[in-house]
Structure formats: structure tokens, C-alpha cells
Amino acid sequence: MKKNIIFILIDGLRADLCFGIKKTSKTNFINKLSSNGISFTNTFSSADGTFISLNCLFNSKFQFETGLRARQIILQKENYLEILEKNNFEIYGMIPELTSLKPLRKYFRNNDCTYFQGPPPDTLSTGLDDKIQKIVEELKTKEQWFFYLHLFDLHPLREGKLPKNLNQFDSEEYGDNLHAKTLSMIDNMLMKIFKDIDLDNTIIVLTSDHGEIIPYDGKISSDFEPKFSLAKKIGKNVIPKSYHNNVGKVFGNIKKSIGNKRLEESNKTLSNYEKRSRDPYFTLSLFDELLHIPLIISGIEKQNLKINNFVSALDIFPTIFDYLEIKDSVERHGTSLIPLINNQNFNRKPIFLHTIPYEKESLLDRIGIRTDEFKYFRNAKNSKKDINLYNIIKDPFENNNIAKENPMKVKEMEEILDKIQVSKTESNVEENEEEISEELRKLGYL
């Protein structure tokens with residue numbers, strides 16, 4: 001069976017912006033994909049950050065097989081791009097110009113395959129749409145192809161900045177928060193870019209690498225700190241330059257102290273989920289707001305189908321390969337969703353979870369597993385520390401940690417976690433390590 005594949009990954013897009021009764025974004029393109037395909041509304045990433053999430057995706061392997069602390073793409077032998085190439089797919093791509101993503105480029109046929117990652121990054125509304133449109137036009141002359149598109153359009157919000165040209169979508173018609181409005185803008189641009197695509201001959205996948213926190217009431221923790229704008233202005237003019245750093249630290253500590261008290265007061269009536277939403281961006285986390293991602297697969301005959309079963313991002317390529325009858329003999333942790341689509345017996349095994357790596361190991365490093373009913377995670381180094389257990393059927397927002405009341409379930413989940421991990425790769429010596437660190441620092445990861 002011959003079909004072309006467009007794989008759209010919107011970095012940091014969480015599922016509830018695309019699905020559900022609380023969705024407020026205006027998404028004609030995403031809705032069209034849903035009506036022409038299958039929406040998997042209960043899909044989860046294995047990590048809260050980009051690079052190890054992509055390693056899971058392109059290899060259908062868990063992090064302990066590709067590197068728990070990897071900060072770049074690791075494409076193992078017989079990764080999915082390699083198999084597609086062997087099956088006569090011409091591979092094209094458009095990705096951020098990051099050293100961490102460089103291993104992907106060797107598979108792309110198009111030389112112009114990267115865009116400036118920022119900050120601020122190039123986005124669909126600042127000219128990236130034209131670069132993608134040129135590729136789309138070229139693909140019309142090709143017989144069989146795979147096009148991977150990785151968008152950073154939501155990333156400015158992670159850095160506390162407004163995406164450019166968002167003013168055109170600054171009304172309730174497009175959403176009730178900045179993330180929803182930005183997705184409305186992304187969706188509008190995607191509709192224009194792919195308006196002429198032959199949907200009968202093209203599989204379109206839309207997903208993400210991880211989710212994101214969306215601050216309750218639009219306020220993140222730093223918003224509660226006083227600005228001291230006038231004091232800073234006067235201080236710079238009055239205080240000698242040699243004292244600026246020391247005085248700055250004193251003011252910084254005062255601001256944090258006042259901010260923490262204000263935050264604590266404001267959080268008194270909030271749920272744990274709402275309180276977490278005000279954590280600083282890039283806080284390590286295995287809560288579902290960082291892991292629950294959208295997944296829509298359009299163009300595999302079934303139409304307007306919504307599936308609520310628990311599935312993993314690792315299942316995406318096995319599903320496409322199964323549908324296209326592409327052989328894959330490698331043992332992987334992903335599984336085809338075709339039986340689920342055809343209403344046959346389907347049982348998703350637990351998925352392994354691990355937080356992204358900071359530059360140095362952190363006390364916030366977490367490890368765990370997720371099943372269709374329970375989420376379990378704890379300190380990455382100490383199985384007796386920071387233990388979290390949630391019944392995600394009864395408590396979907398993970399407000400109530402039930403670990404203390406359920407020691408046998410904790411023991412059971414720890415045994416499953418232990419069984420999943422066959423061999424660990426704790427650290428990776430990476431080429432261009434300094435360059436990677438500098439790029440990640442600019443983006444706020446370090």
C-alpha cells in the first residue's frame with residue numbers, strides 16, 4: 001500500500017488544547033484532521049522534554065535504552081527513518097536549527113531543512129510558512145515521501161514572551177488563554193499551508209513531544225514578585241557600579257521573599273493541580289499536564305473516530321508501519337494501534353517515565369510508570385523518597401497522592417518499574433557538548 005506521510009509535531013502542545021469540553025482554541029485544521037481520521041484522546045509521552053521524548057518516538061524505545069540523560073537525538077540502528085528510507089520513502093524535514101536535532105538532518109533530502117530556533121524562534125507567522133510551502137510544492141512532484149515538521153511556535157510562551165503577530169488572534173473567539181490563542185494561530189497557518197494536499201493519498205499525523213503547564217489565572221510564580229522598577233532605576237543612578245551585583249542580589253532575595261508570601265496567600269484556595277500550574281516553566285515534572293499529548297492520525301480509512309484508551313507516543317510509528325504493511329523485526333516498546341482501531345482486543349502495557357536531564361543531576365529527577373489506571377513516580381535515585389501514587393481514573397488532575405494509604409500498590413508498581421528496566425544508560429558523552437549546553441541555556445532548559 002502506497003501512501004505519503006506528513007508528520008506534524010507541535011513542540012509543547014498539550015492534549016486539552018485540542019480535545020475535550022474545556023477546549024477554547026479555534027482549530028479548523030485540527031478539526032478537519034479529526035473528522036477525516038482518528039483522535040486518540042488519551043495519549044502520553046514518556047518524558048517532560050523534547051529530546052528524550054523524540055528518542056522514544058523515533059526508536060520506540062524507552063529512555064534507559066537510548067540514554068536517560070541524553071540531550072540530543074539518538075537514532076539507533078533500524079530507527080524508523082532508516083526503515084522508511086529502505087522502503088523507498090524520500091524523507092524531507094523542517095526542524096529547529098539545534099545541534100541536539102542534527103542527527104535527523106542526514107535523512108532529509110532537502111538542504112534547506114532548518115529554521116532559527118531563537119530566542120525568539122522563527123514561527124509560521126514570521127516567514128516559516130513560506131519555507132514549508134516550498135517543500136510542499138516540491139513534494140507534489142515526488143512519488144513516495146515522508147515529511148517531518150517540528151514547530152516551535154508555542155515555545156516563546158515557555159520563555160514568558162508573546163509569540164509574534166498574536167495580536168490578530170487576541171480575542172475570546174480564539175481561546176481563553178495565551179496557549180489556546182497561539183494554537184489557533186498555528187492552526188490557521190497550517191490550514192493555508194496544507195490546503196491542497198491530497199488527503200486520499202496522504203497520512204497526516206499531528207502530535208507533540210510533551211505537554212506544558214498553563215498557569216492558573218494566567219499567573220506564574222514570578223508574577224507575584226514586586227517589580228521595584230523605580231527603585232532599580234534610582235539605584236542604578238545613585239549606587240556605584242562596583243556595588244550593583246551585591247545590591248542586585250539583596251533586591252532579588254527581597255523580591256522572592258515577598259513573591260513567595262503573595263503566592264502562598266493566593267494559592268490557599270487552589271487545588272494541587274492549580275498550584276502546580278504556577279510553578280516556573282522548565283520545572284521537572286511527571287504530572288500529566290507535562291505528559292498528556294494530542295494524537296490524530298488522518299488518512300487510514302477510519303473517519304471521525306475518537307478513541308479514549310490509554311496509548312503511548314511510542315505506538316505512533318508501529319501503527320503507521322502496520323497499516324502500510326512495512327516490516328519491522330526489531331523488538332520495541334511501541335505497539336500497533338490497528339487492533340484498537342478495528343475494535344479488537346487491545347491491552348497497553350505500562351509505559352516508563354523519566355524527567356528530562358538538567359545540566360547536572362537534580363533533586364527533582366523523577367522516574368516512574370503509567371498504566372491505564374495508575375501513575376507512580378518517585379525520586380530517580382532513591383525508591384523510598386518522594387513517592388507519588390495517583391488513581392488517574394478517579395483523580396485525573398492528580399490532586400491526591402494516595403501512596404501512604406496504599407503500600408501494597410506502591411510495591412506492585414515498583415516491581416513493574418523494576419521489571420521494565422532491562423538495562424540502563426545513565427549518561428551520554430555527547431559530541432558538541434558545549435554547543436548543546438549553550439543552545440539549551442538560551443532556550444531556558446538549563
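This chain uses plain numbering: 1 for the first residue, then up along the sequence.
Side-chain rings of F58 and Y148 approach one another, their centers coming within less than 6.0 Å. When ring centroids are compared, F310 and F40 stay outside the 6.0 Å threshold. When ring centroids are compared, F287 and Y390 come within the 6.0 Å threshold.
D209 contributes a side-chain N or O that, together with a main-chain N or O of G12, makes up a donor-acceptor pair within less than 3.5 Å. One N or O on the side chain of D48 and one on the backbone of I356 form a donor-acceptor pair closer than 3.5 Å.
Ring-plane geometry between H333 and F64 is classed as perpendicular, the angle between the planes exceeding 60 degrees on a 0 to 90 degree scale with a lower cut at 30.
Among I320, L305, I341, the single residue meeting the side chain to side chain contact (heavy atoms under 4.5 Å, CB included) criterion with I300 is I341. For the side chain to side chain contact (heavy atoms under 4.5 Å, CB included) with I95, the qualifying choice from I73, L54, L104, L9 is L104, the only one to do so.
Side chains of D288 and Y273: a donor-acceptor N/O pair is absent below 3.5 angstrom, by distance only. For R278 and S266, the side-chain atoms include at least one donor-acceptor pair closer than 3.5 Å. A donor atom on one side chain and an acceptor atom on the other are not found under 3.5 Å apart for S53 and T50.
Residue pairs that meet the side-chain hydrogen bond (donor to acceptor under 3.5 Å, both in side chains) test with at least one member in residues 177-186, sequence neighbours left out, are D170-K181.
Atoms CD and NZ, on E331 and K61 in that order, are 8.0 Å from each other to the nearest 0.5 Å. For the atom pair S60 OG and E78 CD, the distance stands at 13.0 Å (nearest 0.5 Å).
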Check against salt bridge (charged side-chain N to carboxylate O under 4.0 Å, His left out), E225 and K256: CA-CA 6 Å; E225 296 178 4; K256 284 182 181 178; over 6 Å; no

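Residues passing the salt bridge (charged side-chain N to carboxylate O under 4.0 Å, His left out) test with D315, sequence neighbours excluded: R348.
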Side-chain donor-acceptor pairs of residues 402-411 under 3.5 Å, sequence neighbours excluded:
{"from": "N406", "atom 1": "ND2", "to": "I402", "atom 2": "O", "distance (Å)": "2.8"}
{"from": "K409", "atom 1": "NZ", "to": "E412", "atom 2": "OE1", "distance (Å)": "3.2"}
{"from": "K409", "atom 1": "NZ", "to": "E412", "atom 2": "OE2", "distance (Å)": "3.3"}

